[in-house]
Amino acid sequence: MKTSRFSDSQIIAILKQAEGGSPVPELCREHGISSATFYKWRSKFGGMDASLMARLKELEDENRRLKKMYAEERLKAEIVKEALEKKLVMPSRRREMAQRTVAKGVSIRLACLAFGISQTCYRYQAKQSAENAEIADHLVRLTHNQRNWGFGLCFLYLRNVKGYRWNHKRVYRIYRELELNLRIKPRKRIVREKPAPLAVPEALNQCWSMDFMHDQLSDGRSYRLFNVIDDFNREALAIDIDLSLPSERVVRALDQIIEWRGKPQVIRSDNGPEYISGTFVAWAERRGIRLDHIQPGKPQQNASIERYNRTVRYDWLSHYLFESIEEVQNYATDWMWTYNHERPNMALGGITPKQKSALLTNSTSRHC
């Protein structure tokens with residue numbers, strides 16, 4: 001607060017001069033003060049002596065201190081109220097809020113009472129487990145390599161692929177502490193008629209699905225990806241990439257798959273020109289393969305390959321800018337192995353396509 005350059009006795013003397021008949025303008029010029037200051041003094045200290053004036057200032061100082069104390073107490077109450085409204089359930093969160101309150105000047109006893117914890121809990125020092133550090137290391141490396149994997153895929157990978165038996169609550173707690181959560185995009189809920197469910201294959205090579213995708217190289221040239229999967233275990237069978245993929249290339253890619261895997265009973269696809277061409281239809285007739293074309297404008301009838309295309313797009317295709325077709329093909333081949341052997345598939349119950357094939361093989365051998 002700014003202090004006056006005039007003492008209490010000087011102010012009283014000036015006011016008495018005015019009461020004695022001295023003109024106010026002359027007093028202001030004599031003492032170097034403004035008329036506003038003089039009238040302010042007279043309204044505040046008029047009729048007082050030096051002792052009353054000193055007592056008034058003491059009362060003002062005391063009132064100022066009381067207001068400051070009240071503001072501090074009110075601030076403390078607001079802090080506690082704001083913290084308690086957030087439903088602090090975990091002791092660690094209550095301890096953290098109590099420590100923040102103590103740092104602002106509140107006693108430990110009062111802070112512990114306010115947040116409902118004991119002083120032992122307040123003074124507890126967490127002991128880091130070596131396993132927690134190992135879990136954190138796995139999660140950091142996994143989310144660095146697979147940037148679009150959420151907690152579900154990370155946990156299923158550690159449990160089903162790597163074989164760790166850590167509890168999902170423990171892994172999720174560390175996952176949250178590392179702030180690895182992905183942003184959840186709100187979805188528009190559109191009311192649609194429930195589509196007819198797809199026929200679920202019961203063995204390998206009963207039904208394959210295929211579709212095309214498009215992207216661009218760094219120089220702006222467009223290229224295509226020809227994807228083929230087995231609907232039974234969602235296994236990626238081929239990703240053929242080139243600037244142009246006519247029906248002859250489609251036939252060649254399918255022949256290469258059939259050489260090592262055997263032919264399918266049915267191939268499901270849309271009505272693209274490569275799939276309805278005479279070359280492709282004649283090839284299917286020679287092979288004894290039935291072609292199942294979906295209805296135009298209804299990609300949900302080929303949902304398995306559409307979901308696979310989304311995985312291709314968000315797992316690697318949208319993450320990198322490639323310079324050549326060979327570079328894209330090499331990356332796609334490496335990713336296919338990871339997808340089939342290491343990436344948990346939610347449609348299969350959290351196991352990989354190769355694990356699904358192994359389960360079928362074991363079940364068949366037991367029945368034999």
Side-chain angles (χ1 to χ4, degrees), residues 201-215 217 221-294 302-313 315-317 320 322-343 345 347-348 352-358 360-361:
E202 299 179 354
L204 297 173
N205 293 340
Q206 281 192 358
C207 181
W208 292 359
S209 294
M210 58 186 185
D211 197 12
F212 282 107
M213 295 179 65
H214 303 265
D215 212 304
L217 296 174
R221 290 182 297 167
S222 297
Y223 62 90
R224 309 181 76 191
L225 296 86
F226 175 58
N227 298 330
V228 185
I229 66 170
D230 191 316
D231 287 0
F232 172 72
N233 65 339
R234 304 297 200 279
E235 181 179 358
L237 304 180
I239 301 181
D240 200 6
I241 302 170
D242 209 334
L243 299 176
S244 176
L245 292 172
S247 56
E248 291 79 8
R249 287 288 301 273
V250 172
V251 169
R252 188 181 75 180
L254 293 174
D255 281 333
Q256 292 175 351
I257 302 173
I258 292 174
E259 285 182 6
W260 61 270
R261 187 181 178 85
K263 70 175 184 178
Q265 299 176 14
V266 181
I267 294 181
R268 182 185 291 114
S269 66
D270 56 25
N271 295 273
E274 298 84 2
Y275 303 142
I276 60 176
S277 67
T279 301
F280 183 70
V281 173
W283 171 85
E285 291 178 355
R286 290 196 307 270
R287 287 282 192 174
I289 300 173
R290 179 167 61 89
L291 299 179
D292 187 3
H293 294 102
I294 65 174
N302 202 9
S304 298
I305 191 67
E306 294 292 345
R307 179 63 181 84
Y308 173 79
N309 290 346
R310 179 184 181 276
T311 302
V312 171
R313 177 74 64 185
D315 255 24
W316 63 276
L317 192 59
Y320 306 100
F322 299 99
E323 296 182 355
S324 64
I325 296 296
E326 292 76 14
E327 186 179 0
V328 186
Q329 186 68 69
N330 292 337
Y331 198 97
T333 304
D334 294 339
W335 179 86
M336 276 179 56
W337 188 94
T338 303
Y339 175 84
N340 291 330
H341 292 82
E342 293 187 348
R343 189 185 190 279
N345 196 305
L348 305 178
T352 64
K354 287 298 183 181
Q355 289 176 331
K356 178 73 171 179
S357 302
L360 177 65
T361 304

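By the ring pair (Phe, Tyr, Trp, His ring centres under 6.0 Å) test, F232 pairs with no residue at all, sequence neighbours left out. Residues meeting the side chain to side chain contact (heavy atoms under 4.5 Å, CB included) test with D315, sequence neighbours left out: Q146, N148, W149, T311, W335, R343. Qualifying side chain to side chain contact (heavy atoms under 4.5 Å, CB included) partners for T333, counting only residues two or more places apart in sequence or in other chains: Q329. Every residue two or more places apart in sequence or in another chain that forms a side chain to side chain donor-acceptor pair (under 3.5 Å) with Y339 is listed here: N345. Residues forming a ring pair (Phe, Tyr, Trp, His ring centres under 6.0 Å) with H341 (at least two apart in sequence, or on another chain): W337. Checked against ring pair (Phe, Tyr, Trp, His ring centres under 6.0 Å), Y223 has no partners two or more places apart in sequence or in another chain. With sequence neighbours excluded, the residues satisfying side chain to side chain contact (heavy atoms under 4.5 Å, CB included) with D270 are D211, Y275, I294. Under the side chain to side chain donor-acceptor pair (under 3.5 Å) criterion, N340 pairs with no residue at all, not counting sequence neighbours.
Under the 4.5 Å side-chain criterion, counting only non-hydrogen atoms from C-beta, C207 is in contact with R268. With contacts defined as side-chain heavy-atom distances shorter than 4.5 Å, the pair H293/S269 qualifies. The shortest side-chain heavy-atom distance between D215 and S222 does not fall under the 4.5 Å cut-off. With a 4.5 Å cut-off on side-chain heavy atoms, N233 and L360 do not count as touching. By the 4.5 Å heavy-atom criterion applied to side chains, L217 and E323 are not counted as neighbours. Here the side chains of L237 and M336 are not in contact, with every heavy-atom distance at 4.5 Å or above. Residues W283 and I289 are in side-chain contact: their nearest non-hydrogen atoms beyond the backbone lie under 4.5 Å apart.
Listed by first and then second residue, the salt bridge (charged side-chain N to carboxylate O under 4.0 Å, His left out) pairs that reach into residues 274-288 are R224-E274, D255-R287, sequence neighbours excluded. Pairs passing the salt bridge (charged side-chain N to carboxylate O under 4.0 Å, His left out) check and including a residue from residues 325-338, sequence neighbours excluded, do not occur. Evaluation of the salt bridge (charged side-chain N to carboxylate O under 4.0 Å, His left out) test over residues 239-252, restricted to residues two or more places apart or in two chains, returns D240-R249, D242-R249. Residues in residues 248-267 take part in no ring pair (Phe, Tyr, Trp, His ring centres under 6.0 Å) pair, two or more places apart or across chains.
Results of the side-chain contact (heavy atoms from CB on, under 4.5 Å) test with F212 over V250, L225, N227 single out V250 as the only residue that passes. The residue from V266, I229, D230 that alone fulfils the side-chain contact (heavy atoms from CB on, under 4.5 Å) condition with W208 is D230.
In this structure a side-chain-to-backbone donor-acceptor pair under 3.5 Å is missing from N205 to P264. Of the possible polar contacts, one joining the Q355 side chain to the T352 backbone as a donor-acceptor pair under 3.5 Å is found. For the pair E306 (side chain) and N302 (backbone), a donor-acceptor distance under 3.5 Å is absent.
Taking every heavy atom of both residues into account, I276 and N271 meet most closely at CD1-O, 3.9 Å. Between E235 and K354, the shortest heavy-atom contact is OE2-NZ, 2.9 Å. Here the closest non-hydrogen pair linking S304 and D231 is CB-OD1, 3.8 Å. Taking each heavy atom of I239 and A332 in turn, the nearest pair found is CG2-CB, 4.0 Å. Scanning all heavy atoms of the two residues, the minimum distance from W316 to Y320 falls at O-CD1, 3.3 Å. Across every non-hydrogen atom of I257 and A238, the tightest pair is CD1-CB, 3.5 Å.
In this structure, CG in L204 is found 9.5 Å from NZ in K356, a value given to the nearest 0.5 Å. Going from atom CZ of R310 over to atom CG of L317 covers 13.5 Å, rounded to the nearest 0.5 Å.
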Full working for side chain to side chain contact (heavy atoms under 4.5 Å, CB included) between M210 and I267 | CA-CA 7 Å; M210 58 186 185; I267 294 181; 3.5 Å; yes
When you look at R290 and Q265, which way does the side chain to side chain contact (heavy atoms under 4.5 Å, CB included) test go after all the steps?
-> CA-CA 6 Å; R290 179 167 61 89; Q265 299 176 14; over 6 Å; no
